[in-house]
Colleague: 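Encoded as structure tokens, here's the structure I'll be asking about.
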Amino acid sequence: MKTNKSSAMKKVLVLLIVLSLVLVACGPKDGGKSNTGTSTNAGSDTDNGSATDDSSSAEIEKPEKITIMVDGTLVTKANGRDAFKAEWEALTGIELEIIQPDHDAYTDNLGQVLASGDWPDVMLLNSAYYAGYAEEGVLWDMTSAYDNSELKTRVKDQALVDGLKIGGSLYGLSPSRGNGCITYIKKSWLDNVGLDVPTNYEEYVEVMDAFTNGDPDGNGINGDTYALSSAGLIGEEIPFINYLPEFYQDAFPSFYINENGQWADGFVQDNFIGALERLRDAYQAGYIDKEALTNGTSDVRNKFYEDKFGIFTYWAGTWGTNLKTNLEANGLDGELIAMEPIEEVGAYLERQAPTWVITSQAENPEAIFEYFFETMLDGGLGQKLFTYGAEGTHWSTEGGELLGVTYEDGQFHMLENMEKAGTLYTKNHIDPMMALTNFTEFDDPGILSVAEEALVSAKTFGENSRLVELVPSSDVMSQYNGDLVKLKREIVANVVLGTRTIEEEMQRFEKEGGLEWSQMIVESLNAK
Amino acid sequence: MKKRKITTFDYVLNIFFALICIAMLIPLWKVMVDSFDLRTAYGMKLWPEKFGFDGYASVFTNPTLYRPLLVSTVATIAGTFVGLTLSTLGAYVLIQKDMPGRNFFSAMLLFTMIFNGGLIPTYLVMNSLGITNTLWVVILLPGLNVFNLVLMRNFFEGIPRSLFEAASIDGCSPMATFFRIVLPLSKAALAAIGLMFAVAYWNDYTTYKIYIINSDLFNFQMKLRSIILGSDLPTATGSATENTVRNAATMVAIIPFMILYPFAQKYFVTGINLGAVKE
Amino acid sequence: MSSQVEKINPDKIGKKPLSKRIYEHRWYYLLFSPVLLFALTFYYAPIYGLRYAFYDYKGIKEPVFVGLANFEKMFSMQGFWNAFTNTLEISLFKLFLTTFMSIIMSLLLNEIFNLKFKKISQTIVYLPHFMSWVVTASVFALIMSPSQQGLVNALLTNLGILEKGQEIYFLGSSKWWRPAYFFINIWKETGWGTIIFMATLAGISPELYEAASIDGASRFQKIKFITVPALMNTIVIVLILNLAKIMNLFESVFVMQNDAVMRQADVLQTYIYTQTFNSGALPNYGYTTAVGMVKSIVGGLLVVICNIASKKIRGRGIV
């Protein structure tokens, strides 16, 4: 207990000095965010140098700097973002500032950054925010910039761009398709029960029955498996039904545009009852994993790899290969068939990809469109950069051996993932199988490095899918939709689990105001 | 320590705790087994099927996990220091019953526990101070913890008045009394509350999530969460060892405090605070 | 040895003039200044944000004054009230349950004779706190799985309580969700809660126990008359302080709730979360602030009420 006051003070002082040195060293390397007080429509101070912010001017002056805000879908710092940035800057001659929050925290950070008044020039938004911000005037109208651009001529499918229009105006672009889920079936399981790939619901039920009550995994025991599993009975995000399309078929639990071109709520349509019945019957028969209600996506995948079930509706594209590889790593036959949608489903649903937008505070938005958007989809070096990453960091054409594979000189191949040793990079921001525009200046360099299964599943999906409509935002929706969604999901769960009957729940839906909210929201959507 | 007879109660108690410990360990055991198991599986196993250190290797050699660990360590140490300083100073002042304004200060602090200005206003204030996106905000913002401060005050109130009187008679200034009497007699409290601060800082990810954009300044928990949640992304690679890495990272987050607690526990021995009273 | 005996009541002594007392305590004000600075900077500076409860604020444009509209909207939604009552029920029960269990465990831990075993037990029971809720939920979903793979169900079928094929879907059943939730919470938080009680127990003078032994007190009597009263102060403070936070319940519920148990499992924070992120529209910070205000008021009321109760019963509160 001889703590001497002065020696205690000395220790404290030393500690403080050391700490402040450490903190200074650990401070942000790139310029920290500039201070702004409260949120007002302050002029953006991120962009400078460009004299023209008058949209009627024909001369587009090159900006000195562009600030973008993006989530984890672009390579992160740990994965060579600096190399990407350097190559982009070399290509365009413009300084690029990248604000990239943690992927999980992206939407929160987005809200905060906007509230602080210091808006970036370009942002990546999900469909709900895209619609909402467009409504609030946060986004720059790029309809004319797009229509007059060279980029438009090379777009593979105009419908993808048209799907982003709100009230006839375009506020953003997605460089790739949104992708969706396709149904994979284990070939070995089909062979073991002697059935073919189902083409309609009746055959599908037959397959499910065989997978559940037969011995599809060949271990001699009947009934220790089930047909399929999913993470939740109804999804949390659009398109909601992506994990169980065969049951929902043409029913949709949320808002869509009907044959009359009007908005309607799929939940209250007659065909939704059929969907509920199919789900319920399949669940009660044991075809669907009992724990589908509480499964997380990794639980489902793990069960799949454990050979507990044989039909898996999951993301098309690269997951086609991932699933196969993981099955084989567990000693199972990994061959999967990416099946075409059954008759009653018609087409798998594709969701809206995250959209790049230009904020209304950006100075010189036309220039930003030209130098950022057009570069990203230029069919050449810019697109290559956004698709595969930077040379020497993410891909290379040098010959040599990498992870057991020998490459020749000049052969394009991806490099080892810096964060996950033992795996290769597959892409940067744009999935090569789903880009909006093709490579025109040269052949797609990396398409050969994409595995066969991924290509097949992506192609099958692409040929058999339709885009879900973008739902505009409204105040009525913001007030009631949260509760409406909750009620709908509860009803689906109760019906499928068998705790309540469909009639009871539909009555309850009306009694608790669900019907009213739904009608109000539909009205507000149609009023636009 | 007087030796005393070991009774049946002691045996029963020990068996009881042995059972409790085993029960408590079951979920942890699953995480541990999975962290060594290279075969992805769903289900409880007693031992890993395909033993391998890949998960841990990934955590420790991977440069992108290395730095967050460092950030976590620095922030935890600095933060615990800040937290203890504020709670001990605050508690010490709040036990001065005849200080004018004491009740006011007390109420003022408790008020902050109940009412909060909200995410955006706090963010804007931090922004205007210029500390967002730096380590300052993660160290300072959680520093004032009124819960811990009140607990500390509770401990300080257990120090006999006679000691304070004796000190002031001896001409000790408040600062001196603080360092020479209050702190040394509060070892158990300092250990307990210091531990609580350390754990809070180590586990903190919400502050990082909100205020830090620069990935160089992410802490270990942030990284851990993105490993656990990120593997579900449609764009993930879903390698076979991802499960292992997840569980290994979870274990690594637990281990430091598994080791630290026994050290803090030595301050929880009965009678540690006494001795001074026998003056 | 307690300070009760020597407490000096300033009211009995002639009060000195205010300015003199302030001067006498000048060093204390200085010592308090960092605390004050922190409170002002980090808590009081942003407090203006509370006014957003009366505005419509999306974070993009200037907030628009709407008076009590947010509150009207809030109170008119059945979902809100459901979440509100759930929060109170779940949170209060959880608080008392885990505090009670922590106390019992602390008392028992304190009685372990073998020091090494005591330390090991202490460490093991507090480890669950360090497992994040996300991982905890996932592991317990497995343990409580409605199949033979779930430990709980396997145990129940082996003991003959359940038939095979009749496994209980604990987390998916409206009947069992809350018990399962509380069970998991006990697992996770009991050991952690013992820390503060163990520290308090360390402050009890062994002389008291010796004196009691001499008087012939049994082990249980010692616990009842010495240990527990010594803990009472800490217990009351821990309870009251935690009451201020009970409306903030979020993560533990969020990771374990699912569609089938919304009636029982939706709490205010998860309700707000759904409103903010699943409504398909932009978040309205004014609305979330308004709900936050309601939460704070309820928390504050609980603290005040319990504080008053504590003053009446025990003669002292926490202010």
Side-chain angles (χ1 to χ4, degrees), chain B residues 6 10 13-14 17 21 24-25 27-28 30 43-44 86 89-90 93 96-100 103 106-107 109 112-115 117-118 120-122 125 141 143-144 147 150-151 154 158 160-162 173-175 188-189 192 195 228 250 253-254 257-258 261-262 265 268-274, chain C residues 3 6 10 18 21-22 25 27-28 31-32 34-35 38-39 42-43 45-50 52 59 108 111-113 117 119 121-128 130-131 134-135 139 149 151 187 195-196 198-199 202-206 219 233-234 237 241 244 285 289 292 296 299-300 318-319:
Chain B
I6 301 185
D10 286 308
L13 191 66
N14 285 359
F17 265 105
C21 287
M24 290 261 172
L25 279 180
L28 282 167
K30 153 115 179 108
M44 306 279 295
L86 290 175
L89 286 177
V93 170
Q96 306 305 320
K97 290 188 170 40
D98 44 347
M99 176 175 109
N103 287 340
S106 192
L109 288 179
T112 68
M113 246 181 89
I114 299 170
F115 285 94
I120 297 279
T122 315
V125 171
L141 184 56
L144 178 62
F147 189 97
V150 173
L151 282 177
N154 183 44
R161 278 263 137 198
S162 53
S173 70
M175 299 261 273
L195 184 66
I228 290 180
T250 307
I254 296 178
F257 287 95
M258 194 156 83
Y261 196 29
Q265 280 166 1
F268 295 170
V269 175
T270 310
I272 190 109
N273 289 344
L274 309 194
Chain C
S3 59
E6 290 139 312
L18 186 64
R21 284 195 293 146
I22 292 181
H25 288 93
W27 289 111
Y28 294 105
L31 284 176
F32 196 68
V35 178
F38 264 77
F42 294 107
Y43 291 92
I47 214 105
Y48 72 85
L50 280 179
Y52 289 146
L108 289 176
E111 294 294 318
I112 295 181
F113 190 57
F117 185 61
K119 274 192 177 180
S121 297
Q122 245 183 302
T123 311
I124 290 182
V125 300
Y126 108 131
L127 283 182
F130 295 95
M131 207 154 106
V134 177
V135 178
V139 172
Q149 282 193 314
L151 280 183
W187 173 81
I195 294 182
I196 203 71
M198 297 300 281
I204 303 178
S205 161
R219 195 186 203 126
N233 236 15
T234 311
I237 289 194
L241 287 176
Y285 296 116
T289 311
S296 299
I318 60 168
V319 171

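Quick note on labels: first sequence line is chain A, next is B, and so on, each numbered from 1. Side chains included, hydrogens not; waters and symmetry mates left out as well; all remaining heavy atoms used.
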Colleague: Return the minimal non-hydrogen interatomic distance between B/Asp10 and C/Arg219, and the atom names on each side.
Modeller: OD1-NH2, 3.1 Å
Colleague: Let's test your reading of the structure: which of B/Ala253, B/Gly118, B/Gly90, B/Pro27 forms the most heavy-atom pairs below 4.5 Å with chain C?
Modeller: B/Pro27
Colleague: Restricting to non-hydrogen atoms, name the atom on B/Met24 and the atom on C/Val125 that form the minimum distance, rounded to 0.1 Å.
Modeller: SD-O, 4.0 Å
Colleague: Taking atom OH of C/Tyr126 and atom CD of B/Gln265, what is their separation to the nearest 0.5 Å?
Modeller: 7.5 Å
Colleague: With sequence neighbours excluded, tell me which residues meet side-chain hydrogen bond (donor to acceptor under 3.5 Å, both in side chains) with B/Tyr261.
Modeller: C/Gln122
Colleague: Looking at every heavy atom in both B/Pro262 and C/Lys119, which two are closest together, and how far apart are they?
Modeller: O-NZ, 3.8 Å
Colleague: Hey, does C/Val35 have a side-chain heavy atom less than 4.5 Å from the side chain of B/Val93?
Modeller: no
Colleague: At a 4.5 Å cut-off on heavy atoms, which part of B/Ile120 comes close to chain C: side chain, backbone, both, or neither?
Modeller: side chain
Colleague: Can you name the nearest heavy-atom pair linking B/Ile114 to C/Gly299, along with the distance?
Modeller: CG2-C, 4.4 Å
Colleague: Could you state the interatomic distance from CE (B/Met99) to OH (C/Tyr28), rounded to the nearest 0.5 Å?
Modeller: 9.5 Å
Colleague: Identify which part of C/Ile237 has an atom lying under 4.5 Å from any heavy atom of chain B, answering side chain, backbone, both or neither.
Modeller: side chain
Colleague: Can you say whether B/Thr112 sits under 4.5 Å from chain C via the side chain, the backbone, both, or neither, judging by heavy atoms?
Modeller: both
Colleague: Using heavy-atom distances under 4.5 Å, tell me whether C/Phe117 contacts chain B through its side chain, its backbone, both, or neither.
Modeller: side chain
Colleague: Quick one: list whatever passes side-chain hydrogen bond (donor to acceptor under 3.5 Å, both in side chains) with B/Asn154, sequence neighbours left out.
Modeller: C/Asn233, C/Thr234
Colleague: What are the two closest heavy atoms between C/Ala199 and B/Ala192, and how far apart are they?
Modeller: CB-CB, 3.6 Å
Colleague: Any idea which heavy atoms bring B/Pro100 and C/Leu18 closest together, and the distance?
Modeller: CB-CD1, 3.7 Å
Colleague: Looking at B/Leu144, B/Leu25, B/Leu89, which one has more heavy-atom pairs under 4.5 Å with chain C than the rest?
Modeller: B/Leu144
